[in-house]
Amino acid sequence: MSLDKYFKLWEEDDPEYQGVEVEIILPEEDTNIPPSLEDTDKKEGDSDRGLVTSQPSGKTSPDGEQKDGDLNKGDSRDIGLGQDGDVEEESPKSFDDLPDGVYMLISAGYDSKEEKPFLLFYDPRREEIIKVVDQTGHKPYAYSKMRKAELENNQIIRMYASKILDITEEEKHDPLTDRDIIVSKIVVRDPLVIGGRKDSLRERIELWEADIKYYLNYLFDLGLQVGDYYVLADGRPVRYDVDPAPEILREAEKLSEEEKEWLFRLAQPVIKFRRVALDIEVYNPPNVMPQPENPEHPIFIVSLRGSDGMRRVLLLDREGKYNGSKEVEGYEVEIYRDELGLIKGALEVIRTYPIILTFNGDAFDLPYIINRAKKLGFQNITQYFRQGRNEVHPAWGIHIDLYKFFKNPSIKNYAFSGAYDIISLDTIARALIGKGKVEIPEHFSMMETEEILRYAVTDAEITYELTAFNNDLVMRLITIIGRISNMTLDDVTRLAVSNWIRNRLLYLHRKKNYLIPREDEIRRKQGSRHFEPVTKGKKYVGALVIDPVPGIHFDVTVVDFASLYPSIMKEYNISYETVNCPHPECRENKVPKTSTWICTKKRGIISEFVGVIRDIRVNVFKKLSKDKSLPREKRDFYNVVQGALKVFINAIYGVTGSEAFQFYYLPSAEAVTTYGRYIIEESIKTAQKLGLRVIYGDTDSLFIEKADKEKLQQLIDEIQRRFRLKLEVDKEYRYVVLSSRKKNYFGVTRDGALDIKGLQGKKSNTPPYIKDIFYQILDHLRGITNPEEFEEARKDIIKIINEAQEKLAKKEVPVEELVISVTLSKPIESYTKTTPQHVKAARKLRDKLKREVPPGSVIRYVKVRGREEVLPIELVRDPREIDSNKYIELLLSTLEQILDVLDIHVDNKRKRVQIVNEKGTLDQFFKIQ
DNA sequence: GCGGACTGCTTACCT
DNA sequence: ACAGGTAAGCAGTCCGCG
C-alpha cells in the first residue's frame with residue numbers, strides 16, 4: 001500500500017493539519033513523570049535498557065598507512081578514501097575494565113533552582129550519568145584591583161551590597177607586570193550578579209575574571225579536569241589514577257613533571273559511552289521546510305539507534321493501516337496511533353541513554369520535538385530538556401550535535417584532513433564511513449511506507465556510526481579534546497578551537513595563581529606592527545613564499561621545519577606577556593629586524609603550553625601510534641591522542657593573531673611570522689652557500705633539486721645549531737613540475753604517487769568533465785622517465801585535448817558533467833557590491849523554484865548562451881543552451897597550468913584552438929639527466 | 001557606444 | 001568566532017577614441 005493513501009486517510013480527518021487548532025486529548029495512560037535528576041542519580045535499572053543484543057562484526061579494518069596526524073585513512077582528494085564501513089559493536093578491549101565506583105567527569109553546569117554548580121560523571125559500569133551537586137559551598141566571584149576598604153566605600157558596590165556575600169583580599173601574580181599584587185575577591189550568591197545581565201556588576205565596575213562561565217570557574221578552583229576519572233568520597237570527587245600501560249610508564253621516564261602529568265592524563269583509557277542516535281521525520285507538504293519554532297506538521301517517524309545494538313523505529317499510524325514489515329533494515333517497527341504517544345514513546349527510550357546523538361539536533365530535531373509536544377498539549381516536555389539559545393541539553397545527560405562538531409573547521413581540516421567539504425550527514429558519512437543516506441526519489445506522499453522507514457532508519461544508523469567507526473574514534477576524539485581543553489564534552493562539540501585553547505589557558509593561569517588579564521589590558525600593552533601587510537585587510541605580515549623556478553625538475557628533495565610556528569613559539573618564548581615584557585634587561589633580546597623584544601627571565605604561559613603538548617605529541621603519542629609492537633587497538637587510540645594534540649598545536653599561533661581571542665596580542669603573532677621568515681631566509685642562504693639549489697619553498701619548506709646527501713645533512717645540522725629547530729626531509733620527488741605561479745605545482749614521488757597542489761583542475765568548482773580530462777593528462781605524465789616516453793605522452797595528450805574540444809563543441813558532453821559548483825558563503829541578500837555568477841544562479845533557484853538558498857549551500861550551475869549567462873542545473877531544459885565556447889576556454893585555461901611548462905602551448909586565438917608544440921628546451925632538459 | 005586596462009570582490013586553495 | 005599568501009574569474013569602472 002502506498003503511503004500516499006495512508007496519509008490522505010488521516011490527513012482528511014486531521015483538522016489541525018489544515019491549520020485549525022483543536023484540543024488534543026492526551027492518552028489515558030499519560031502517567032509520564034519527567035525524570036527528575038535525583039531520580040536519575042539513584043536509578044539502578046537496566047530494566048528498560050537496550051533490547052537487541054549486539055553482534056560483534058568480527059571484521060577488522062584494512063591496515064592502511066596513515067598520513068601524518070590524519071585520523072582518517074588515506075587522502076580523500078587524490079586517491080579516494082580507504083573505506084571501512086565496519087562498526088565495532090563490542091567495546092574496545094584494550095584497556096582493563098575500570099573498578100566499580102570510578103567515574104569519568106564529562107560535564108558540568110549550574111543548577112539555577114538549587115543555586116549550585118553541578119558535575120556530571122559517567123559511570124562506565126552502570127552506563128549512566130551521576131549528577132553531583134556542589135557540597136563545598138563554592139560561590140561565584142570576580143576580582144577587583146581596588147583594595148577591600150576602597151570597595152566597601154564604592155558607590156556601586158554599595159548598591160549591590162545585598163547581593164554580595166563577601167569581599168576578601170588575596171595575593172595574585174600579575175603576568176603583565178610580573179609583579180605580585182593584592183586583589184579583592186568579590187563573592188556573590190548568583191553568577192548573574194557578576195555577568196550575564198545588563199545590570200550585572202561587570203558592566204558597572206572594572207572586574208577581572210568576570211567573563212568565565214561559572215561552572216568552568218568551579219572546575220578550575222576544585223582542580224577538576226574533564227575526561228579524568230574520579231571516585232566519590234562522601235559525594236566529593238577524588239581523582240582516581242588509572243594504572244598507566246607499560247609503554248606509557250616507559251615513556252614517562254625521560255619526561256619532565258609537567259610532561260608526565262599530560263602523558264598520564266591523556267593516556268587514560270576512554271570507555272565506550274552508552275549512547276543513542278535520534279532522528280525524526282516530519283510530514284511536511286512538498287517544498288515546505290518544517291519550522292521547529294512553529295512546528296505545524298506532525299512528527300511521523302522517530303528512528304533510534306543505541307550503542308548497545310538497539311534499533312527501533314517509531315511510526316505514526318493513526319488508522320492502523322500499516323501492513324508492511326515489522327522489521328526494516330534490522331529496526332523493529334513500533335506503531336503508534338497518536339503523535340503524542342509516539343513522542344512519549346521516544347522519550348521513554350532515550351531517557352535511558354546518558355548521551356544523545358543527533359545530526360543538527362540543536363537546531364532541528366530536539367526543538368521540533370519540544371515545541372511539537374507543547375503544541376500537542378504536553379507542557380511537561382520542558383522538564384526533559386534544558387534549552388539554551390542555540391542548544392538543547394537532556395536533563396539526564398548530554399547531547400552531542402554531530403553537525404556542529406563536524407562543521408568545526410579544526411575538526412574538518414586537521415582531524416579529518418578535509419575529507420568532506422560539504423557539511424551534510426550524507427557527504428560526511430560517505431567520506432568517513434563509506435555509507436550515505438538512502439536517496440529519496442520524491443516526496444514522502446509518493447512513497448511506500450516501508451521505503452520511507454528505510455530512508456529514516458538509515459539516518460539514525462549513520463549518525464550513530466559516525467561516532468562508532470574506527471573503534472569509537474569520534475567519541476574518543478571528543479573526550480581527548482575535553483582533556484586537553486578542560487571543557488565539558490557538550491561544549492567541546494559546540495565551540496570552536498579558540499575557545500578550547502582559551503579554556504586550557506584560563507585553567508593554567510588559575511593553577512599558577514596568575515590574575516587573568518583583561519583583553520583591554522593586553523591590547524594596551526606597548527608594541528606595534530613593524531611591516532605593512534602585503535595583503536589588503538590583513539593585520540600583519542605572514543609567511544614567505546619563494547618564487548618558483550618554472551620547468552620540470554627531476555630528483556627533488558623537499559625539506560621542511562616540523563611544525564615551524566609552534567616550535568618558534570616554544571623555542572623563542574613567545575606569549576602575550578613575554579613579548580615586550582616589563583623587564584628593562586630583556587630589551588636587547590630583539591626579534592630580527594624589529595624593535596620587539598622577548599623576555600629572558602620568565603617562561604611565557606602560551607609558549608610553555610604549546611611546547612609541552614608539542615613535545616609529548618612528537619616524542620610519545622606519535623611514536624606510539626606507529627609502534628608495530630603494540631596491538632592495533634592501542635595504536636589507534638594513541639593516534640587519536642596525537643591527532644587531537646595536533647589540532648591544538650596547529651591552531652595556537654593562529655588564535656594569538658585573532659582579535660576574537662582573549663589573549664590576542666598582535667606583536668606576539670607578528671613575532672612568530674617574523675622569526676619564520678627570517679629562519680627560512682637564512683636557511684636558503686645557508687643552502688646556497690653549500691651549493692644546494694633551491695627551486696621553491698613555501699612558509700616552512702625548501703624544494704631542493706638534486707640534493708647532495710652530505711650537503712643536505714650539513715644544512716640540517718647548521719640550522720639545528722643556529723636556530724634550535726629541526727629541519728627534516730619531508731618528501732622526495734622523481735620530478736616536480738613548477739610553473740611561475742606560487743602554490744601551484746604537481747610532482748611524482750619516489751613511490752609513484754601523484755601530488756597535486758593548488759592547480760585549477762583540482763579545485764572543487766571545476767566542472768567534472770574538465771577535471772576528468774585534467775586527471776587523464778596527469779595520468780599520462782605520471783610514469784614518464786625519459787624524452788621518448790614524453791613524446792609518446794605528448795601525442796596522447798594532444799589527442800585527448802582535441803577530442804575533448806570537439807566533444808564540447810558538438811555538445812556531446814552531458815550537462816551534468818559541465819556543472820560548476822560554488823559555495824554561497826553568505827546570505828544571498830548580502831551580495832551588494834557585485835553579483836558573481838553563482839549568486840545569479842542562486843537567485844534563479846530562489847525566484848523560479850522557490851528554493852531556500854541559505855549560506856553554505858553549494859550552487860550548481862552551468863554557463864549558457866544568450867542573455868541568461870548562467871543557469872542553475874535544475875533549470876536547464878535543453879542541452880543546446882550550453883555555451884560550448886566558454887567551456888572550451890575553461891578547459892584550456894585549466895590545462896594551461898600544466899601544459900605551459902611542458903612546452904605544449906595553446907594557440908592564442910582560442911576561436912580555432914590547436915595545440916602548438918614548440919620544441920627545444922624539454923629535449924635539452926632530458927639530455928642533462 | 002565600445003573595448004582594453006585596471007581595481008575590487010569572491011572563492012578556493014597552500015602552509 | 002585560528003593566521004596570512006596566492007591564483008583565478010568575473011563585475012564594475014575608467015579612459016581613450018575624432
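Lettering of chains follows the sequences in order, A, B, ..., and the numbering in each one begins at 1. FYI, side chains are in, hydrogens and waters are out, and symmetry mates aren't considered; it's all heavy atoms of this structure.
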With the side chain of A:Thr834 defined as its heavy atoms from C-beta on, choose the nearest nucleotide among C:dG9, B:dC9, C:dA3. B:dC9
In this structure, how many angstroms lie between the P atom of C:dA3 and the CD atom of A:Glu659, rounded? 9 Å
Interatomic distance where CZ belongs to A:Phe703 and C1' belongs to B:dC14 [whole Å]: 10 Å
Check whether the side chains of A:Ser575 and A:Thr578 place a donor and an acceptor atom closer than 3.5 Å, and report yes or no. no
Would you mind checking if A:Arg502 and A:Asp211 are paired as a salt bridge, meaning a charged N to carboxylate O distance below 4.0 Å? yes
Can the ring centres of A:Phe663 and A:His509 be said to be less than 6.0 Å apart? yes
Looking across every strand, which nucleic acid part, if any, lies under 4.0 Å from A:Lys763 by heavy atom: base, sugar-phosphate, or nothing? base
Describe, in one word, how the ring planes of A:Phe609 and A:Phe648 are oriented to each other, choosing from parallel (under 30°), tilted (30 to 60°) and perpendicular (over 60°). perpendicular
Taking atom P of B:dA12 as reference, at what distance in whole Å does atom CG of A:Asn765 sit? 6 Å
Which class fits the ring pair A:Tyr572 and A:Tyr675: parallel under 30°, tilted 30 to 60°, perpendicular over 60°? parallel
Pick base, sugar-phosphate or nothing for A:Tyr745, based on heavy-atom distances below 4.0 Å to the nucleic acid. sugar-phosphate
Picking from C:dA3, B:dA12, B:dT10, which would you name as closest to the side chain of A:Ser764? B:dA12
Looking for any heavy atom pair under 4.0 Å, which part of the strands does A:Thr823 touch: base, sugar-phosphate only, or nothing? sugar-phosphate
Is the phosphate of C:dC2 approached by A:Ser658 (side-chain N or O, under 4.0 Å from OP1 or OP2)? no
Once you round it to whole Å, what is the distance between P of C:dA3 and CZ of A:Arg677? 17 Å
Integer-rounded Å distance: B:dT15 P and A:Tyr414 OH: 12 Å
Distance test, side-chain N/O of A:Arg741 to OP1/OP2 of C:dA8, below 4.0 Å: yes
Measuring only between side-chain heavy atoms, which start at C-beta, is A:Glu519 closer than 4.5 Å to A:Tyr664? no
Let's see if you can work this out: which of C:dG4, C:dG5, B:dT15 has an atom nearest to the side-chain heavy atoms of A:Lys757? B:dT15
Nucleotide nearest A:Thr835 (side chain, heavy atoms from C-beta), chosen from C:dG9, C:dG12, B:dT11: C:dG12
Under 4.0 Å between any heavy atoms, over every strand shown, what does A:Tyr565 touch: base, sugar-phosphate, or nothing? Just pick one. nothing
Quick one: label A:Lys826 by what it contacts on the DNA or RNA (base, sugar-phosphate, nothing), any heavy atom closer than 4.0 Å. sugar-phosphate
Could you say whether A:Gly654 or A:Val541 is positioned toward the 5' end of DNA chain C, judged by the nucleotide with the nearest heavy atom to each? A:Gly654
Hey, does the side chain of A:Lys762 come within less than 4.0 Å of B:dC14's phosphate (OP1/OP2), counting only N and O? yes
Within the pair A:His838 and B:dT11, is there a side-chain N or O less than 4.0 Å away from OP1 or OP2? yes
Closest to the A:Lys833 side chain, choosing from B:dC9, C:dG5, B:dT15: B:dC9
If each of A:Ile652 and A:Ser740 is mapped to the nucleotide of DNA chain C with the nearest heavy atom, which maps nearer the 5' terminus, i.e. the 5' end? A:Ile652
Residue-phosphate contact under 4.0 Å: A:Lys863 side-chain N/O, C:dG9 OP1/OP2: no
Ranking B:dC14, C:dA3, C:dG9 by distance to the side chain of A:Asp698, first place goes to B:dC14
Which nucleotide in the set C:dG5, C:dC2, C:dA1 lies at the smallest distance from any side-chain heavy atom of A:Ala651? C:dC2
Output yes when at least one side-chain N/O atom of A:Tyr831 is less than 4.0 Å from OP1 or OP2 of B:dT11, else no. yes
Mind calculating the distance between CD (A:Glu889) and P (C:dA8) to the nearest angstrom? 15 Å
Side chains of A:Tyr215 and A:Asp491 only: does a donor on one sit below 3.5 Å from an acceptor on the other? yes
Rounded to whole Å, how long is the line connecting atom OH of A:Tyr675 with atom P of B:dT15? 26 Å
Would one find a side-chain N or O of A:Lys743 under 4.0 angstrom from OP1 or OP2 of B:dC14? no
Testing B:dC9, C:dC2, C:dA7 for proximity to the side chain of A:Lys536, the answer is B:dC9
Return the value, rounded to whole Å, for the distance between atom NZ of A:Lys742 and atom C1' of B:dA12. 18 Å
Does B:dT11 have its OP1 or OP2 closer than 4.0 Å to a side-chain nitrogen or oxygen of A:Ser825? yes
What nucleotide, of C:dA8, C:dA11, C:dC2, holds the atom closest to the side chain of A:Gln897? C:dA8
With the side chain of A:Ser893 defined as its heavy atoms from C-beta on, choose the nearest nucleotide among C:dA1, C:dA8, C:dG9. C:dG9
